[in-house]
Structure formats: C-alpha cells, structure tokens
Amino acid sequence: MKYLAFFIKFIVITFVIFYILKLIEINFFMGKEGFNKTVGWAFDITDFIIPFLFLYISSYLALIVLKAKINLYLTIGSLVLIICSKFFILQNILFIILFLSSFLMFLSNCIYSIYLKFKSPK
C-alpha cells in the first residue's frame, strides 16, 4: 500500500510541476507552432525535446519533494544529454544515441531512487 501511495504522490507532484513549467513556457517563450515550407506544412522536429526536458525536471523535483535520494551524477548526465541532443538534430544517429541514453539514464535514476526510498530503514 505504501508503494501505491508513493506512486500517486509522485505522479501528482510531477504533473503539477510539469503543468507549471509548460504554462511558463507558453506565456513567456511563445515558440513557433510550425512553419510553411514549399513542400507543405511541417513541424520542427526539435519541438518534442523541450517537453521531455520539462518532464525530467519535474520528475526530479517531485523525487526531491518526496525525499527520495537521487543520484546527482545521473541527474546531471541525463539533463546534459537531452540538451546536447537538441544540437545534434541534423546528425540522425548521434541524436538517437544521445536521446536514448538520456532517457535510459533518466529511467534508471528514477527507478533506483524509488528503490532506495523503500529499501532504506527509517
């Protein structure tokens, strides 16, 4: 039961922080929705990296609020890799490697933090 309660708290706090960050982005940094090319309507492919960055930040903040021990090196590594993947969008294989390694570092850090939260004696 304690796992379910922790999971619900984690999801709620993550979505609240994510929503706040998205409101800040929408109100202050009005990005382009798309642009019209000569071949038709197209979206910028880098637009999905910013929501992932906000998801990472909001998840890490939720873990800090819930007093879970997060690995600082994995946190910094996943955030740096997702930011660097935005710059290598034109080199497809390098972008995929950076993005996937960032996502795997993020997931492993979250899972390991939750594992340590319930493993450690109180």
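Note that this is a predicted model, so its numbers are computed, not measured.
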Closest heavy-atom pair and its distance - [X], [Y]:
X	Y	value
Lys69	Leu116	O-CD1, 4.3 Å
Ser113	Ala68	O-CB, 4.0 Å
Ile49	Ile82	CG2-O, 3.7 Å

Quick one about Asn109 and Thr75 (side-chain donor to acceptor, distance below 3.5 Å, no hydrogens or angles considered), yes or no?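 Looking only at side-chain atoms, Asn109 and Thr75 do form a donor-acceptor pair, the distance falling under 3.5 Å.
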Side chains of Ser78 and Tyr60: any donor to acceptor distance under 3.5 Å?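 Checked: Tyr60/Ser78 side chains pair up, N/O donor to acceptor below 3.5 Å.
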Which of parallel (below 30°), tilted (30 to 60°) and perpendicular (above 60°) describes Phe103 and Phe99?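 Plane angle under 30°, so parallel.
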According to a hydrophobic-cluster definition based on side-chain heavy atoms being under 4.5 Å apart (Ile, Leu, Val, Met, Phe, Trp, Tyr only), do [X] and [Y] belong together?
X	Y	answer
Tyr56	Ile64	yes
Leu107	Ile97	no
Ile111	Leu79	no

Are there over 12 heavy-atom neighbours, none belonging to Phe54, within less than 6.0 Å of that residue's CZ?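 Count over threshold, so yes.
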Backbone N/O of Leu63 and side chain of Lys117: donor-acceptor pair under 3.5 Å: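 Answer holds: no.
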Keeping Ser85 on the side-chain end and Phe95 on the backbone end, is there a donor-acceptor pair under 3.5 Å?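 No; judged by distance alone, with no hydrogens or angles, the pair does not exist.
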Show me the donor-acceptor pairs within less than 3.5 Å that the side chains of residues 13-21 make with the rest of the protein, sequence neighbours left out.
residue: Thr14; atom: OG1; partner: Phe10; partner atom: O; Å: 2.7

Connected-component partners of Ile76 among ILVMFWY, side-chain separation under 4.5 Å: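 Under the 4.5 Å side-chain rule, Ile76 groups with Leu72, Val80.
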Is any side-chain heavy atom of Leu55 less than 4.5 Å from a side-chain heavy atom of Pro51?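 In short, these two side chains do not touch, never coming nearer than 4.5 Å.
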Please round to the nearest 0.5 Å and tell me the distance separating atom CD1 of Ile8 and atom CD1 of Ile11.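 Ile8 CD1 to Ile11 CD1: 9.5 Å, rounded to 0.5 Å.
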Kindly say whether the aromatic ring centers of Phe106 and Phe52 come within a distance under 6.0 Å.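 No, they do not, as the ring centres are separated by 6.0 Å or more.
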